[in-house]
Number of protein chains: 2
Amino acid sequence: MKKRTPVQLPEEIYPDDPWVLLEDQFAPDFLYLTETIFALTNGRIGVRGSLDEGDPHHIIGTYINGFHETWPITHAESAYGLAEVGQTMVTIPDGTLIEVTVDGEPFHLPSVEIIRCRRWLDIQRGILERDIAWKSQSGVTVEMRFLRFVSLGRPDLIVSRLELSVDMPAEVTVVSRLRNRLDEVADAGDESDPRLAKQFSQRVLEPRAATLEDFRFVQAWVTSRSGMGLLSGMDHGLSGPTPRVTLDRSAMNFGFEFSWSLTPDAGVTIDKYVVASDNGDSPGLAERQAIGATLDEAKERGVAGLAADQARHLARFWADNDIVIEGADVETQRAVRWTLLQLHSNSACLRHASIPAKGLTGHAYDGHYFWDTEIYIVPFLIYTNPAAARTVLTHRYEMLEHARERARVLSHDGILFPWRTINGEEASAYFLAGTAQYHINADIVYAIRKYVEVTGDQEFLWEMGAEIVLETAKFWLDLGFYRSDHFHIHGVTGPDEYTALVDDNAYTNAMARMNLRYAFEVVSHLSNEDPDRWDDLRAKVGIADGQAIEWRLAADAMYIPHDRDLGITPQDDDFLEKEAWDFENTPESKYPLLLHFHPLTIYRFQVLKQADVVLADFLLGEEFNPELKRANFDFYDPLTTGDSSLSACIQAIMSAELGYESAAMRHFQHALYMDLGDIAGNTTDGVHMASAGGVWMALIYGFAGMRDVRGTISFDPRMPKQWTSMTFRLGVRGGALSVTLSHESITLVSGQPIEVIVRGDSHTVEPGGGTVVHL
Amino acid sequence: MKKRTPVQLPEEIYPDDPWVLLEDQFAPDFLYLTETIFALTNGRIGVRGSLDEGDPHHIIGTYINGFHETWPITHAESAYGLAEVGQTMVTIPDGTLIEVTVDGEPFHLPSVEIIRCRRWLDIQRGILERDIAWKSQSGVTVEMRFLRFVSLGRPDLIVSRLELSVDMPAEVTVVSRLRNRLDEVADAGDESDPRLAKQFSQRVLEPRAATLEDFRFVQAWVTSRSGMGLLSGMDHGLSGPTPRVTLDRSAMNFGFEFSWSLTPDAGVTIDKYVVASDNGDSPGLAERQAIGATLDEAKERGVAGLAADQARHLARFWADNDIVIEGADVETQRAVRWTLLQLHSNSACLRHASIPAKGLTGHAYDGHYFWDTEIYIVPFLIYTNPAAARTVLTHRYEMLEHARERARVLSHDGILFPWRTINGEEASAYFLAGTAQYHINADIVYAIRKYVEVTGDQEFLWEMGAEIVLETAKFWLDLGFYRSDHFHIHGVTGPDEYTALVDDNAYTNAMARMNLRYAFEVVSHLSNEDPDRWDDLRAKVGIADGQAIEWRLAADAMYIPHDRDLGITPQDDDFLEKEAWDFENTPESKYPLLLHFHPLTIYRFQVLKQADVVLADFLLGEEFNPELKRANFDFYDPLTTGDSSLSACIQAIMSAELGYESAAMRHFQHALYMDLGDIAGNTTDGVHMASAGGVWMALIYGFAGMRDVRGTISFDPRMPKQWTSMTFRLGVRGGALSVTLSHESITLVSGQPIEVIVRGDSHTVEPGGGTVVHL
């Protein structure tokens, strides 16, 4: 794995506080980074960590999960069945803006005389704070304290506060805005961001009715093409001297301008409540009233009350889900907690949605959902917030008709999920690394199986899961074919996108085998459990007699490449025939390869973006013997560039499993600092959510050595030498299993009886006391 | 090969004339077809066979070879090294328009009362004629005779004439226009033609200076982005009563309006001379004067004189290059001659250009040059117009710097020619069926080798050919690699585009081997022939000592797939592992497959667009034994859909070689009626030039069984039973070899001694008398 030097944040003044991520000076060169790592979200609405005053900035963005505009995909050369409609998460009007002017001088950090300037994310409470003192040209020292959070309990709400005071009389103006930057940019024809501006050369949000009442402004919008309705509004609570108020009225950029002749004896506090909500179709009066009610409630509760709610919500989260590492340095503990906060806050208020590749911290990848969620994030959700895991998987069920239609377009039975999507339609314009990644079907089934087995939510299987499992089994049986007694799947791209359009990709075949076998099991299981209900489901899905047997036979006949000479699993049937990549003569500057080599050049060589055989060895670990897994890791790790952010965490887990301690730590650090250290170099685009999920997995599956094969929890700990203990909790089948791991023992506590295997030996953890297993 | 029912043209009144292609009534339903098959060109300028009066029409187009606009290629998902600049041949202002109004009633075929309406292409003279009589609502019978041709001797000239008379006094108006339809369409935002309008949402041609003098109008234009200059003009000669003249002045649509109060005693004749010429950069006064001189000359020669020149030019062509088939039906003979006219007229006046996929008969494929020219048309040119063959190959040399840069972008040594281009830059936006077709390099070298060996033009090799041959050899050596003593080339797409991104495509490897071997030979040959000149060339190209040996070793080690069990050449190393396509359950309506199946679906199966192994067996026939060629044909022919128009002709040649007489005739007819019968269903887009070249090849290489291995002419005739004789002439090394073939004998006449092999026996044909060889 190629290493990048992690970016160093400015020196911290709370070096010993693992709950605070601090920027202790104005660091304009790091804005690109802090906008992402200080982003705030609740999974429903998200806002980037841009400055309250707006400028300077890199990418300002507020997003609603799933709220998107569509656009016709222009293929330079088209072909039958290519994705035709692009989907892009919309940058909705920005309500973070609070502009301050003192004696006519705008507060603009690069221009003013700064006395003190600190910003920090309170990880424990989920609040971003700023503490600033500056001196105006008129000689006034201005003290300002900003606070911002996205409510984890109220899905549509963003809260800001500014406390401001002066040391001598001054004319102070504060403009609080709701600004539709996206269409300002589109109108200006700015194409500086190719991912958005290129697509949206025309207006995205059409303004509809607006309501203005006291310090409240609510604007309705409708997207031009997808026709989605949006309500976006703000309200204010002021304390201190009464301001003069003027309005800056335009749909694109609405502002309340509050002005004071301020004296040192009385500061002002401006509380800002920003709401945004999509409403399916064009929002009408009723929706505006509903959002008004949200503003009423928020205002009534007040910023202090809402902040207390936020702290209380997170206190519960940390109590249940913190991972405490003793013996690690404070940076590691803080980075782990920051990562857990990303995972939790990007999923806390999910509804009819999944988690985009960048969560709601940036609009890269267009806000699309990928397999990342099912394979890299669902495990975290299953153990920390199973309702969110269910929502993610339910959202796949909500895409079922699109997936059925997509399979039909591809001339296949069953269903084929989109490689990337918001609304369920395939939005991948590059099918070689998109639609060809058929493994998405099995990835989703894998997540369903794990969810059902760990949570015991059998009802989900009946209601939604089974239909997905059975329809995907139909798909695999149709996609593949028999040749000389083996079942083959040709013409696919596996997770490793540095190799494309191959025959018998080991990952795909192994996951398809799991999918087919699980479908067979589901049929047996459900038909036994409730024959009548099964008859209904069978009729609905259209399962013929004997069809499940065919799935089982295909699974048993599934061809998994194996090379006897090397004793490894070739990535695909031809992988070992490829030319060796000349790593020695590839300078650091040529990574990631995809930015420096034509795809055809990359495809021709034995070089990986991520090691998908190693991933299969982890996900389906029980199916492969330890010697094979070791040989695979030893073979692929040196060929793996780690140019994918999905790579390091898996390499960490398998290094740990195989006892490669230093490699495990190296890969873990790579994943852990993916964003805080900008290791991939593109943190500015948003948090790498899959890698964040991967950090949790590397801790739990990697260092703690947890496995959950078919729902049975086991541990084979591989904790790093320098750590002295790890403490965490896992939600299992409605209960909680608390784990404290040291080098000598593992202590298990559970509120209900649970069978746990430690290094091969089964232990029943009974409620009421800890079970200590010596290692 | 799937068959389509050929389109039936209206019944002909010259059924016995193999020189006339006649449409004997107004056939609006066939406009889409006649615009193409009545298109006229000289290879420099081309005009579609639209009606003189303009409407109704399908696609009106006038083109200059190589005159193109550029545009940024928008990749829905981009990657390093993808083509970035699109190129599209521009539809230049249309000078064919001659609009007639009688007593205020426009002549518009769908509206007027038609008495007589015939249109025919005089294949012998290269002139399109119309003979029309119609009755106006005012009761006037109007007799009109149109004539149109593109001068084969004057590269920039299109000539039209209208003779008009009336049977009673009438007010007659004739408007002769020069109309820039392209930008009218762009201005209107019409996107009905996705290939053009989508690209050109902004204006393409910017009007510059114009000159108006008597009945002459010349307009200068410059393309908006590529900055190419164009001069477009018209002049008129009128005879009969003096008209009143008014002008319709606009740069977009300039018209001279001629009006008469006409009487039955005196008709009018309007001669129209249209010129168009590109001028590299913005055209200035000098260029306008030069084009004025062209108009002066044309006008002085007059329409009758120019038509006589046209007939004289073609008389020479037919004398040298007609293929006379006795015993065939008149349709076959006519179709053969129409095809020869397409081939000749699309190459007669080439300069600094190649032949686009549709020639100058339509703008499909954006007017791009492909391998089609080198592999399918250059053989015709070598034997009929070697100067044109030299121009085509010289144009490749003119692209050398672009090809060098392209290889560098792909991280390779040497040069890589663009898969499709006008200006030498890669313009293929779909690299899987574009850049991945590396075989383009070897295709060009193949054409160079054949050109040099058949014409004896050794100087071309010294000046240009050798550099291409050596630089492509460098490329192949770098692209491929050794594994267990064999030289492999991975990750390519062969000519069969229904299979993509494969390892060791047999066609590519065999052609690369030819390329490498020929490079070795060229080095030996040139260094012997002129050591000093060779030293200069070697220094220029940068050939190290021993480098040629490496090429030879790689060629000798080249891996060509072979399957012992089937005794065939697998199309690539994995082709036989693919699933069988279910031809039985693929209805006719699902062809061509590419319009009904996703590429991923097609790639997965044993199904071909064209049989590239069979093509290699033809092109490199001497390298493969007859049993293998037969086995290959027998295996691949049933898997070949013929969805490519490049397929049928090659299948015809190999069927003939193998003695499959009925298959040969079936495939030949498929190629012969590709456009006249609209067999591929897209003749409206322009003539399938490669298939036209393939018809010539099917006749000469197929039925006459000619081969020209290393420049030696041989015959193994396989003439269809129903034909009694074939007569044709081949230009060889500056001389001409006349061939008359019957079922009993082959008669050879040559003006210079030439060695000819007939069915394995060598014969020296001496000048002054025929050599008759009994078969």
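Just so it is clear, the values below take in all heavy atoms, side chains as well, and ignore hydrogens, waters and symmetry mates. Everything numeric in this text was worked out from a predicted model, so none of it was measured.
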Original post:
When heavy-atom pairs shorter than 4.5 Å are enumerated against chain B, which of A:Leu600, A:Thr601, A:Val502, A:Leu432 gives the highest number?
Top reply: A:Leu600
Original post:
When the ring planes of A:Phe431 and B:His598 are compared, do they come out parallel, tilted or perpendicular, using 30° and 60° as the limits?
Top reply: perpendicular
Original post:
Do other residues, nucleotides or ligands put more than 12 heavy atoms under 6.0 Å from the CD atom of A:Glu84?
Top reply: no
Original post:
By a 4.5 Å heavy-atom criterion (distance strictly below it), what part of A:His488 contacts chain B: side chain, backbone, both, or neither?
Top reply: neither
Subject >> Residue pair B:Glu577 / A:His490, side-chain heavy-atom distance below 4.5 Å >> reply: yes
Original post:
With a 4.5 Å limit on heavy-atom distance, are the side chains of A:Arg604 and B:Leu479 in contact?
Top reply: yes
**OP:** Against chain B, label A:Leu410 side chain, backbone, both or neither, depending on which of its atoms sit under 4.5 Å from a heavy atom there.
**Re:** both
**OP:** Measure A:Tyr430 against the heavy atoms of chain B and call it side chain, backbone, both or neither at under 4.5 Å.
**Re:** both
Original post:
In terms of heavy-atom pairs under 4.5 Å with chain A, which of B:Gly81, B:Ala429, B:Ala500 leads?
Top reply: B:Ala429
**OP:** Please look at B:Ser428 and chain A and tell me whether the side chain, the backbone, both or neither of the residue comes under 4.5 angstrom of a heavy atom of that chain.
**Re:** both
**OP:** Enter the distance from B:Asp582:CG to A:Ser411:OG here, rounded to the nearest 0.5 Å.
**Re:** 11.5 Å
**OP:** Against chain A, label B:Phe597 side chain, backbone, both or neither, depending on which of its atoms sit under 4.5 Å from a heavy atom there.
**Re:** both
Original post:
For B:Tyr80 and A:Leu594, which heavy atoms make the closest approach, and how far apart are they?
Top reply: CB-O, 3.5 Å
Subject >> Option that, when pairs with chain B are counted at under 4.5 Å, heavy atom only, ranks first among A:Ala436, A:Gly86, A:Ala79 >> reply: A:Ala436
Original post:
Around atom CD of A:Glu405, are there more than 12 heavy atoms of other residues, nucleotides or ligands at under 6.0 Å?
Top reply: yes
**OP:** Could you check which of A:Asp574, A:Asp573, A:Leu82, A:Asp503 has the highest count of heavy-atom pairs closer than 4.5 Å to chain B?
**Re:** A:Asp574
**OP:** Using non-hydrogen atoms and a 4.5 Å limit, figure out which bit of A:Thr435 sits close to chain B: side chain, backbone, both or neither.
**Re:** both
